[in-house]
Amino acid sequence: MLLSETELSDLLANFTTSAFRFELRERYNSAVGAEPFRKWQMGEPDDYAWHRSWMEKISRDVAAGKTWQRVRIVSVPPSEYTRYGIDVARLSMQAGEDIRYLRRDVAERLGLRPYDAWLLDDSRLVWLHFSDVDDRFADAELITDPEVVSRHRAWREVALKHAQPLEEFAAHLP
């Protein structure tokens, strides 16, 4: 079942216990993120006001006992966007999100082949589709097939075991 961006937002607003994200792309391009990324590239200051509502949501959810986790599967050396994402991730981590990094070559060795997706409450997978032309969000697909969801739960456990915490990953960047 295909979802709009609004329907995806509703799912992220209404999960019960856990939200886990596999991020696989070297870059994500959004209308909200374009100007902050440009500022970062130019060394200009950013007050991160555009990110505040996300951080507040995470803080509220964590205070309510919900878990937010993310594993970013990245190439090394990292793309410029990945480096930018590390700076933004530090803010999300302050809000309570657990964000880790797994080198793409390690993920391949481990046999991980996840979708770029959210795993919600261990029972629903929301596969995110992006344009390969401009890296923009296209749509999302809700998957409840028990076999696909189970495979992603298993990959999540392997990824979390082998991924590095953000600061450890960042400290070893070339």
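Residue indices begin at 1 and follow the sequence shown. FYI, side chains are in, hydrogens and waters are out, and symmetry mates aren't considered; it's all heavy atoms of this structure. Note that the structure is a prediction, hence the values are computed from the model and not measured.
Hydrophobic clustering (side-chain heavy atoms under 4.5 Å, transitive across Ile, Leu, Val, Met, Phe, Trp, Tyr) groups Trp54 together with Phe15. By the criterion of side-chain heavy atoms lying less than 4.5 angstrom apart, applied directly or through intervening Ile, Leu, Val, Met, Phe, Trp or Tyr residues, Val158 is grouped together with Val71 in one hydrophobic cluster. No single ILVMFWY cluster, assembled from side-chain heavy atoms under 4.5 Å apart, contains both Leu2 and Leu8. One hydrophobic cluster holds both Met93 and Val74 under the rule that ILVMFWY side chains link at heavy-atom gaps under 4.5 Å. Tracing side-chain contacts under 4.5 Å through hydrophobic residues (I, L, V, M, F, W, Y), one reaches Val149 starting from Leu160; they form part of the same cluster.
Atoms CH2 and CE, from Trp40 and Met42 in turn, are 12.0 Å apart once rounded to the nearest 0.5 Å. Of the inter-residue distances, the one linking Arg109 atom CZ with His162 atom NE2 reads 10.0 Å to the nearest 0.5 angstrom. Distance check: Gln164 CD to Leu102 CG gives 8.5 Å after rounding to the nearest 0.5 Å. Taking OH of Tyr81 as the start and CZ of Arg27 as the end, the distance is 8.5 Å to the nearest 0.5 Å. Here the OH-CG distance, from Tyr115 to Leu125, works out to 7.5 Å after rounding to the nearest 0.5 Å. For the atom pair CD1 of Ile73 and CD of Glu108, the computed distance is 9.0 Å after rounding to the nearest 0.5 Å.
Counting only heavy atoms from C-beta outward, the side chains of Asp132 and Phe130 never approach each other to under 4.5 Å. Side-chain contact between Arg60 and Lys57 is present, with at least one heavy-atom pair separated by less than 4.5 Å. For the pair Trp118/Leu128, a side-chain contact is recorded, criterion being any heavy-atom separation below 4.5 Å from C-beta on. Leu120 has its side chain out of reach of Thr16: every pair of non-hydrogen atoms, C-beta onward, lies at least 4.5 Å apart. Looking at Asp122 and Ser18, their side chains come closer than 4.5 Å, going by heavy atoms from C-beta outward. Side-chain contact between Trp68 and Asp61 is present, with at least one heavy-atom pair separated by less than 4.5 Å. The shortest distance between side-chain heavy atoms of Lys66 and Thr17 does not fall below 4.5 Å. Proximity of Arg70 to Arg100: side-chain heavy atoms (C-beta onward) are nowhere separated by under 4.5 Å.
Note: Phe20 and Phe22 have perpendicular aromatic rings, judged against thresholds of 30 and 60 degrees for the angle between ring planes. The aromatic rings of Tyr48 and Trp50 are tilted relative to each other, their planes meeting at an angle between 30° and 60°.
Taking all atoms of both residues into account, the shortest heavy-atom contact from Asp47 to Arg52 is O-NH2, 3.3 Å. Among all heavy-atom pairs drawn from Ile58 and Ala95, the shortest one is CG2-O, 3.5 Å. The minimum heavy-atom distance between Gly96 and Val62, with the atom names listed, is O-CG2, 3.7 Å. When all heavy atoms of Gly85 and Arg72 are compared, the pair lying nearest together is O-NH1, 3.1 Å. Scanning all heavy atoms of the two residues, the minimum distance from Ile86 to Leu166 falls at O-CD1, 3.7 Å. Taking both residues in full, the closest heavy atoms of Ala89 and Tyr101 are given as CB-OH, 3.9 Å, listed atom of the first, atom of the second, then distance.
No hydrogens or angles considered: a donor-acceptor pair under 3.5 Å links the side chains of Arg104 and Ser75. In this model, no donor atom of one side chain and acceptor atom of the other lie less than 3.5 Å apart for Glu97 and Gln69. A donor atom on one side chain and an acceptor atom on the other are found under 3.5 Å apart for Ser79 and Thr82.
With hydrogens and angles ignored, the 3.5 Å screen pairs a side-chain donor or acceptor of Asp116 with a backbone N or O of Leu24. Not a single donor-acceptor pair under 3.5 Å links the side chain of Glu168 to the backbone N or O of Pro165. Between the side chain of Ser59 and the backbone N or O of Met55 there is at least one donor-acceptor pair closer than 3.5 Å.
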message: Assess the residue pair Leu3 and Asp139 against the criterion (side chain to side chain contact (heavy atoms under 4.5 Å, CB included)); give the C-alpha distance rounded to whole Å, side-chain angles, the decisive distance to 0.1 Å, and a yes or no.
response: CA-CA 6 Å; Leu3 305 170; Asp139 58 36; over 6 Å; no
- Please step through side chain to side chain contact (heavy atoms under 4.5 Å, CB included) for the pair Leu142 and Arg124, ending with a clear verdict. CA-CA 7 Å; Leu142 180 61; Arg124 296 169 293 163; 4.0 Å; yes
**Intermediate values then yes/no, side chain to side chain contact (heavy atoms under 4.5 Å, CB included), Ser30 and Phe137** = CA-CA 7 Å; Ser30 71; Phe137 175 79; over 6 Å; no
Next on the checklist: Between Ile99 and Ser92, is the side chain to side chain contact (heavy atoms under 4.5 Å, CB included) condition met? List the steps.
Outcome noted: CA-CA 8 Å; Ile99 301 175; Ser92 295; 3.9 Å; yes
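The pair Glu80-Arg83 does not meet the salt-bridge criterion, since no charged nitrogen lies less than 4.0 angstrom from a carboxylate oxygen.
Counted within 6.0 Å of CD on Glu44, heavy atoms from surrounding residues, nucleotides or ligands total more than 12; the atom is thus considered enclosed.
Seen from the ring of Tyr28, Arg21 counts as a face-on cation partner, given the 6.0 Å and 45° thresholds.
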